[in-house]
Amino acid sequence: MAEILSGNFPLVAAIVLMGIGLYILIFRRNLIKIVMGIAILSSSVNLFLVTLGYRTGGIAPIYTEAPEGPMVLPVVQALVLTNIVIAVATSALILSLVIRIYRHTGSLDSKKSRRMKG
Amino acid sequence: MATLIEHSSILIIAVPLLIAFLTPLIGMASKKARNVVVISSLAFVAFLVFTLARDVILNGIHIYTLGAMSPSLTIPEGIMRPVRIILEVDGVSVFMGIVVAIVSLVAVIYSLSAMKGETGQNKFYTLLLLMVGGTFGMVFTGDLFNLFVFLEITSISGAALIASRTRFADSQEGGFKYIVVSAVASLMVLFAISLLYAQYNLLNIGALAAAMQYTMLDRIALVILISAFAMKLGGVPMHMWLSDTYSVAPASITVLLITTSQASMYALMRMCFILYGVSLDLAVVGWIVIAIGILSMFIGVTMAVRQTDITRLIAYNCVCEAGFMLVGLGVGIAVLGDATVLRTYGTMAINGAIFHMINHALFEGLLFLVAGAIFYRIGTRDINQMGGLGHTMKLTAVFFLLGALASSGLPPFNGFASKILIYESVYQFNPILTIIGILVSIITLAVFVKAFFSAFTGPSLPKYEDVKEVPKTMIAAMTIFAVIIIIFGLFPGLVVDWIVRPATDALVNQASYIDAIRGAMP
Amino acid sequence: MTLIVESGYEFWNPIVWLITFAVVMVIVYFFRKRGEEKYKKGEEQAQIFLCGEEVPAAEQRQVRGGNAYWGFFETLKEYYDGVVRMHTGIVNDYVVWFVAVTAISAIILLIVKLVG
Amino acid sequence: MSKIVRTVANQLMLFVLVFGLYVIVHGHVTPGGGFQGGAVIASGVVMLIVAFGSGQIKKSLRERRLSVVESSAALLFILVAFIGIGTVFFYNFLVGSRIFGDIPPTGTNPGNIWTGGVIPLMNVAVGLKVMAGLSAAVLALALFSGGEEIE
């Protein structure tokens, strides 16, 4: 058990982070916390992806003064970078919308600030 | 011309992106020039889409590798799998491309006068073109990660556009809900993609489909993909964001949001039919999709009857129409493994679902544009405040009636042609589904009777006596939709033969999709 | 014939439908033509008649959309109470539904794998 | 903020700029690239906003100019991709030419900056775009939460 856990520790951490993110998104009604929940969800997926790209003994694929040895294929790294960029854009947009919602309704609670239901 | 067709799949995505960043610069100099550039670029894109569609339907799948002549050209050599971004355009892709091309052109024409008084118009057109480019990207790409990126591009630009009228509190709320839901859905899509990548070290859809083992992780990935895309297309019970969003966005943006929902449905089809294909538990997955579809039909339409906000009413009707497509697709998935059944009614169900997609975009688009026109003139969306508008806005009333009749599936409009395909094929699969479908259609008619009579008929109210018909460009936009609806209604056979059947053939023929990507590799 | 949508064992041809519709319209027009011809526009008979009462203003005459289908909602009251309560409009609940649907479908697929 | 903070921030901004530009320009030979370098510079702008207040920064960083820089940078990126369309979109047409055209040996090498073809150009474009875009976003958020409305 301990062996499996130590080998897959980053994967377990990613799943735990995903659980935390979804927990925040489900149970926290504060709009800022919802933004944080999305950010945590995004990081969990990033962690998961980066872990997939790890190869024992592989070196980073940067040729500039690299040591000898097998290099990893940097696909997941590229994916994670793209996802980080997207996450930045998403958070900036959501935060500006949250500010606007607060200005209009005077509340940061997703239950109190809603206008539409039914 | 041959070169143009060869490059058209990337040009269709890249030209809107290029013009998107050109518009703020032109818009600072002259507004008129900006409008001309935006419209002409989208017209050029539409032209490219049609030529590409003709070529794909006649000559088969197009493959376009970005950045190199061959999909597997790498340094160091020896990586025998596609690692580059590859666009793979088949029948379904060009079908969706045609939908997006028509709708985006109409949306831009409509917003010329509808958004005239708003601030930040340069950014509005930038975001609109980004959204169009993103939607084209979603339907043309052959790469799972690229699909995710374009999904996010459409989500982010869509949310910014929904909230673009900053003076309305509910617009901000709608934009917030849209971006939260989209972010969760697309992050879960990325998680599913990473589950697939973990096993096969592949991101290309065709190559993944060839390698698919259908292990436990694949099942989890499939479930996440289905529910995430079902959320993005507004399937019950994950549809609640849709009514909140569609009802508060500017009308021209709502029309584009419909196409992004359609693109999500396209992605769902791509995952089920091509990526997993016959290897998945067809009956179970088919019934899951059918269950979402039936729920969408029923809850969508019963909620629509209740609404007093006209755009919200149409938005719930959108949920209901999406249910029809899901039922058709679900039947198609459920019988995919059995070749004879597939031939007798399976392809017909998929035909109906795909034909309904373009019809849905047309008539719901028309209805939303009409609702936007009413809002433009009287400044309210509340049905209780309206009345007697038909006395002054005669053309708008006619357009609403046209869209309503097509949506409720009355002959001889296009909605009937696609719905009868779904009814009759689904009847052979399970008669109860058809009975529910016809019932739902009847309630849909009741929904629009309520909306039409309380908005357009009745004595002309004194407070709306000086309401005029909307500006000419808005009328022109609605006319385009109306004319296409009538043409599709009168000649459904031609449409089915020319664009719908090639799309269905591409969907049920997983092997040709895989072979196309294999053929491109050395 | 490409103008026809064939759906297995039925077909739908809008041209035939339109011709039938036109014929029926001609018959209807024929009957209508045989009716009274005394009606003239702009006279007293074009006015609204409410048993001699005064005709209310346009706002009062207008039937509001919110009043439509009252009986329908009254009959389906229990259904609507449940469904409307489902649509809370809180963004957290949207995520709950997504997680729930994912979990249920995953469980279904898992059971299928264990059974079959 | 106090005068000490302002002065230090003023001096530090130079180093932040240099480091950001270094990350952008060396994107194709070392870790980093356009987005990372642009984000470094934008974080320098955040430092200035914290030190001087958003109202002061708004005067020197005009919304309109940032928007122009952002759009033209994005345009540059797509145009570079478009030029390659003689072969395919995103084709690296500069390899072997005079501009960034050196072809490095495959394998370990000392890191020649004059390589990479269009990739350094795209890095610069992305760096400019991220720098302008993120600064504008941060500035707008700062002004926003302070109660000012921005176009």
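All values reported here derive from a predicted model rather than from experimental measurement.
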Contacting moiety of B:Leu25, where chain D heavy atoms sit under 4.5 Å: side chain

D:Ile4 atom CD1, over 12 foreign heavy atoms within 6.0 Å: no

Minimum heavy-atom distance between B:Leu18 and D:Leu75, given as atom pair plus value: O-CD1, 3.4 Å

Chain B interface, residue from D:Ser72, D:Ala73, D:Ser71 that has the most non-hydrogen pairs under 4.5 Å: D:Ser71

Leading residue by heavy atom contact count with chain D [cutoff under 4.5 Å; candidates B:Asn122, B:Thr3, B:Ile85, B:Leu22]: B:Leu22

Crowding at CZ, B:Phe124 (>12 non-hydrogen neighbours, <6.0 Å): yes

From B:Leu11 atom CG to D:Phe82 atom CZ, the distance as rounded to the nearest 0.5 Å: 5.0 Å

CA sep, side-chain torsions, deciding dist, call: D:Glu63, B:Lys123, salt bridge (charged side-chain N to carboxylate O under 4.0 Å, His left out): CA-CA 13 Å; D:Glu63 168 83 12; B:Lys123 281 170 193 154; 3.3 Å; yes

Any side-chain heavy-atom pair of D:Lys129 and B:Phe21 under 4.5 Å: yes

Exam field: side chain B:His7 to backbone D:Ile85, donor-acceptor pair closer than 3.5 Å: yes

Contacting moiety of B:Ala68, where chain D heavy atoms sit under 4.5 Å: backbone

Under 4.5 Å from any heavy atom of chain B - which part of D:Thr87: both

Qualifying residue, where the test is side-chain contact (heavy atoms from CB on, under 4.5 Å) with D:Phe89 and the options are B:Ile13, B:Ile10, B:Leu87: B:Ile10

Validation row: D:Ser67, B:Met28 side chains within 4.5 angstrom (heavy atoms): yes

Engaged part of B:Thr126 at the chain D interface, taking heavy atoms whose separation is under 4.5 Å: neither

